[in-house]
Structures are given as C-alpha cells and as structure tokens.
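Notes follow the structure.
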Amino acid sequence: MRNVADHPTDALGWFRFARQQRRRQLEAGLQVGEWASQISHLVHMLQRERGASNIWLCSGGQLFVREVPFCIAQSDEQIAALRQRLALPEPIINAAIAGRLACALWYLDALPALRSRIQARSIEPEAAMAQFSQSIGHLLSIVPEANDTLDDANLARALTALYSFMQGKELAGQERAIGAMGFTRGDFSDPLRQMLVDRIDGQQRCFGTFIALAAPELAAEFREQGEASREMEQLRRLACTRLPPDEETAGLAVRWFALQTQRLDKLRETEERLIVVLQQAAQAQLHQETEINEPDEAAFSRWVQDHACQEEPAALDRHLLPLVRQQARQLETLTRQLASLQETLEERKVIDKAKSLLIRHQQLSEEQAWQQLRKLAMDQNKRMVEIARAMLSVADLWPITPKE
C-alpha cells in the first residue's frame with residue numbers, strides 16, 4: 001500500500017505523479033494492442049468455424065465435410081495461443097477485463113461439447129450459431145473495457161475505431177453464418193431473413209463509426225476492399241426476396257460462403273493494421289515521455305504555460321467511452337436474438353403443422369387455415385402457438401371433412 005507520506009502535497013509533486021500515471025497508461029495502451037491482436041486471430045477462426053458448421057449441419061453432413069475439421073484445428077491453435085499468453089506473468093489490465101475474460105474462457109471450455117453435438121447432428125444450426133456467437137461476443141467485449149485505462153484522446157480514438165471495426169466484422173461473420181443456413185436449406189424463413197437484414201444494417205453503423213475515427217488511408221482501404229462485392233449484393237437481394245429452385249441452392253451456399261470468407265479475410269487484414277496503429281501511437285508517445293531529460297521543474301513550468309488557456313476537449317473525444325459501450329450493448333442484443341431464434345423457429349413449425357391439420361381435415365386453403373388459427377387465438381386471448389399446440393394434441397380425434 002502507498003504510504004500517506006508518499007502522496008503529493010504540492011503542484012510539482014502532483015505533476016510528477018501525473019507523468020508517472022501517463023507512462024503507465026501508455027504501457028497499458030501497448031498491452032491493449034497485444035491483447036486485441038490475440039483476440040482478433042482467435043475470433044477470426046471461430047467465425048469461420050461457425051459458418052462452416054452451419055453449412056455442414058444444414059446439408060445433413062453432405063457439405064463441408066473436410067472444411068469443418070480444418071476450421072476446428074485452426075480455432076484450437078488460436079485457443080492454445082491465448083491460454084499460453086494467459087500463463088505469462090503479466091497482470092490483467094483491470095477487473096472488468098478479468099471478468100469478461102472469465103466468461104470467454106467458460107464458453108471456450110464448452111466448445112468440445114458443442115462440437116460433439118454438431119458432429120452427432122443433435123443440435124439445430126441456430127442453437128450452434130448462438131453458442132459460437134456468445135463465445136465471440138465475450139472475447140470482443142474485452143477490447144472496449146480497456147478504454148477505462150486510457151485518458152489520452154488519440155489512443156481512445158484509435159481504440160474506438162478498432163472496436164467499431166471488430167464489431168462490424170463480427171456482424172459480417174454472423175451474416176455469413178445466417179446466409180449459409182438459408183442457402184443450404186433452400187429457404188429463408190421470415191425470422192432468418194430479418195436477422196440477415198439486421199446484420200447488414202448493423203455493419204453499416206459500425207463501419208460508419210470506424211470511417212469517422214480512422215486514418216483516411218485505412219478508411220480508403222476499407223472502401224476498396226472491405227465493402228460487399230456486386231455478386232455478394234446480388235446474393236443478399238436473393239436471400240431477402242426469394243430463392244431459385246432447390247437444386248440450385250447448394251451451389252449458392254458454397255458460393256456465398258466463399259465470397260463472404262474472401263471479404264472477412266480482407267477485413268482481418270485491415271483489422272490488424274488498426275491494431276498496429278494503436279500500438280504505434282502508444283509506443284511513440286511512451287518513447288517521447290521516457291526520452292524527456294529536462295528537470296521536472298522546467299517541464300512543469302512549460303506544461304503550465306501550455307495548459308493555461310486550454311479549451312474543453314472536443315465532444316467526440318469526451319464521449320468515446322459511452323459510444324464504444326453502446327456499440328458493445330448492440331452486439332450483445334443481437335447475440336441474444338440469436339439465442340431466441342431457435343424458439344421462434346420451433347413455434348413456426350408447430351403453427352405450420354396445425355395449418356396442415358386444418359387444410360387436410362377441413363379442406364381449407366393455407367390462407368383460410370392461417371386466418372382460422374389467428375381468429376381462435378384472438379377470441380381466446382392466447383398466442384397462436386398455444387392454439388396450435390392444443391389443436392395438435394387432439395389431432396387423432398379430428399374427423400376428415402369430405403370434399404364436395
């Protein structure tokens with residue numbers, strides 16, 4: 001513990017203390033960059049494993065037979081590298097990062113069980129995707145927590161640009177996985193289509209923040225290499241409107257995955273350059289701090305003169321931390337939506353079965369069956385799925401209405 005006698009008691013003493021704290025923050029900035037690079041590598045491999053697993057599951061084990069084991073090996077290599085780094089005698093930056101890391105490791109520990117269920121095809125693709133996304137979300141959430149340690153506006157700006165980009169890339173990865181499900185099945189349900197649209201819209205917001213904060217050359221690189229290609233936009237429109245006959249969809253799934261993977265690999269390159277920018281900024285300022293040889297009294301006098309008429313920090317720099325926290329919450333919200341998708345799809349299956357029952361036993365059209373279920377639900381003040389379940393529970397008692 002710090003002795004009371006060690007506390008600064010005058011202006012010069014507090015100035016010395018401020019310089020020490022600044023050096024510590026710059027060293028923390030370097031450590032943040034190293035952590036971000038490690039996390040970025042691991043997340044990239046988990047994103048690819050997530051998408052490949054979706055295609056394998058949705059195709060009944062017919063597609064990506066070799067790709068899935070390859071992706072697993074790549075993910076495990078990065079997980080081992082992360083664990084090796086954690087074994088180093090290097091302190092975690094703050095308690096928030098430690099808590100996020102604990103959650104991330106818990107999900108990583110659950111990966112073998114998830115993979116076993118995928119191999120046995122005893123899990124729905126939506127549920128598998130949700131678990132992968134939760135693991136990735138906890139890993140990504142470590143990065144914005146580091147903003148608590150940075151008071152320097154330039155470093156905070158670089159870190160916010162980096163996290164915005166990482167979040168946008170994760171939404172692009174979720175888009176790849178969602179599209180892989182729909183194209184492999186040959187059908188985009190309404191919930192799946194909405195989730196695809198949400199991911200596309202979310203990317204635009206995240207990448208827009210990145211462009212506003214990043215160096216012009218990195219923003220230009222993204223516009224040239226990171227935007228969706230024309231062919232990808234065509235497939236997006238196809239997914240959000242209608243699909244061709246079933247025999248074409250397997251080929252579309254493979255093509256979709258290839259195009260999205262090419263884009264994500266390009267995004268990964270830009271992401272690594274953003275990490276380098278953050279580290280270089282911290283390293284340059286740290287070098288400048290440690291190379292100053294003038295006496296503390298002279299440095300303090302110059303510092304006071306420089307800050308005598310200092311204006312308020314720009315609003316953007318003052319609110320970078322709330323911005324990055326808001327983006328983190330948005331990603332967590334989308335991840336929770338993934339977890340609830342399986343329930344939504346199961347309810348849709350129950351309603352479809354009840355509609356088929358009405359069509360078969362009462363000779364109704366699909367639209368008439370839907371309207372009858374809807375009316376029963378409204379009359380009884382219940383959800384449509386509850387009416388459908390009740391109807392299916394007594395299905396064997398229904399008489400068949402003969403055609404006239």
Side-chain angles (χ1 to χ4, degrees), residues 22 25-26 28-40 43-44 93-94 96-97 100 136-137 139-174 199-228 263-264 266-286 288 310-334:
R22 176 167 171 77
Q25 287 186 354
L26 292 173
L30 283 173
Q31 192 181 47
V32 168
E34 293 167 2
W35 273 103
S37 182
Q38 189 89 61
I39 290 168
S40 174
V43 164
H44 190 65
I93 295 172
N94 59 37
I97 290 178
R100 292 290 191 175
I136 291 169
L139 285 166
L140 289 179
S141 67
I142 294 171
V143 178
E145 294 296 346
N147 225 332
D148 277 342
T149 68
L150 302 177
D151 284 339
D152 183 88
N154 290 331
L155 292 183
R157 191 181 186 95
L159 182 61
T160 306
L162 170 62
Y163 180 71
S164 298
F165 191 90
M166 294 178 82
Q167 187 189 30
K169 178 173 176 288
E170 163 56 7
L171 292 173
Q174 290 188 17
R199 269 59 185 178
I200 295 170
D201 291 344
Q203 289 173 55
Q204 301 306 316
R205 291 191 294 271
C206 293
F207 289 135
T209 302
F210 150 73
I211 289 171
L213 297 174
E217 59 271 19
L218 287 173
E221 177 182 307
F222 166 76
R223 290 191 181 97
E224 182 179 349
Q225 300 183 351
E227 295 280 15
R263 183 191 182 206
L264 284 163
K266 291 293 185 183
L267 292 176
R268 173 73 187 87
E269 293 174 8
T270 304
E271 185 176 74
E272 192 60 36
R273 275 188 273 279
L274 280 165
I275 293 169
V276 171
V277 166
L278 173 65
Q279 291 178 299
Q280 287 177 341
Q283 185 65 62
Q285 293 186 45
L286 182 61
Q288 184 179 357
Q310 185 180 39
E311 297 179 357
E312 281 292 306
L316 177 63
D317 293 333
R318 288 167 60 92
H319 297 291
L320 284 176
L321 182 56
L323 172 64
V324 83
R325 289 278 171 77
Q326 179 185 1
Q327 290 176 333
R329 287 193 295 270
Q330 289 171 350
L331 184 59
E332 289 173 355
T333 298
L334 289 173

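Along the sequence shown, the residues carry numbers beginning at 1. As the structure is a computational prediction, the values presented were derived from the model and not from experiment. For the numbers below, each heavy atom of this structure counts, side chains included, while hydrogens, waters and symmetry mates do not.
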### Task
Give the intermediate values and the outcome of side-chain contact (heavy atoms from CB on, under 4.5 Å) for residues M166 and V143.
CA-CA 9 Å; M166 294 178 82; V143 178; 4.1 Å; yes

### Task
Starting from the C-alpha separation in whole Å, work towards a yes-or-no answer on side-chain contact (heavy atoms from CB on, under 4.5 Å) for Q167 and L140.
CA-CA 8 Å; Q167 187 189 30; L140 289 179; 5.6 Å; no

### Message
Before you tell me yes or no, could you show the steps for R273 and E221 under side-chain contact (heavy atoms from CB on, under 4.5 Å), namely the whole-Å CA-CA distance, both residues' side-chain angles and the distance that decides it to 0.1 Å?
### Response
CA-CA 11 Å; R273 275 188 273 279; E221 177 182 307; 2.8 Å; yes

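Note: E227 CD to K266 NZ = 14.5 Å, rounded to the nearest 0.5 Å. The distance from the OG atom of S40 to the CG atom of L139 is 11.0 Å, given to the nearest 0.5 Å. Note that CD1 of I39 is 12.5 Å distant from CD1 of I136, once rounded to the nearest 0.5 Å. From T270, atom OG1 reaches atom CD1 of I275 across 11.0 Å, with rounding to the nearest 0.5 Å. Note that the CG atom of L218 and the CG atom of L213 stand 12.0 Å from one another [nearest 0.5 Å].
Nearest heavy-atom pair, Q203 versus G168, reported as atom, atom and distance to 0.1 Å: CG-O, 3.7 Å. Heavy atoms only, all atoms of each residue included: C206 and S164 are closest at CB-O, 3.4 Å. Of all heavy-atom pairs between A214 and A161, the closest is N-CB, 4.2 Å. Considering every non-hydrogen atom in both F207 and R263, the closest pair reads CE1-NH2, 3.8 Å. In this structure, A219 and I211 approach most closely via the heavy-atom pair CB-CG2, 4.1 Å. Contact record, E271 with L162: O-CD1, 4.0 Å, taken as the closest heavy-atom pair.
Among residues two or more places apart in sequence or in another chain, the side-chain hydrogen bond (donor to acceptor under 3.5 Å, both in side chains) test is passed with Q204 by none. Evaluation of the salt bridge (charged side-chain N to carboxylate O under 4.0 Å, His left out) rule for E272 yields R268 as partners, not counting sequence neighbours.
Looking only at atom types and distance, the side chain of E34 has no donor-acceptor partner in the side chain of Q38 under 3.5 Å away.
Using the six-membered ring where Trp is involved, F165 and F210 have ring planes that are perpendicular, over 60° apart on the 30 and 60° scheme.
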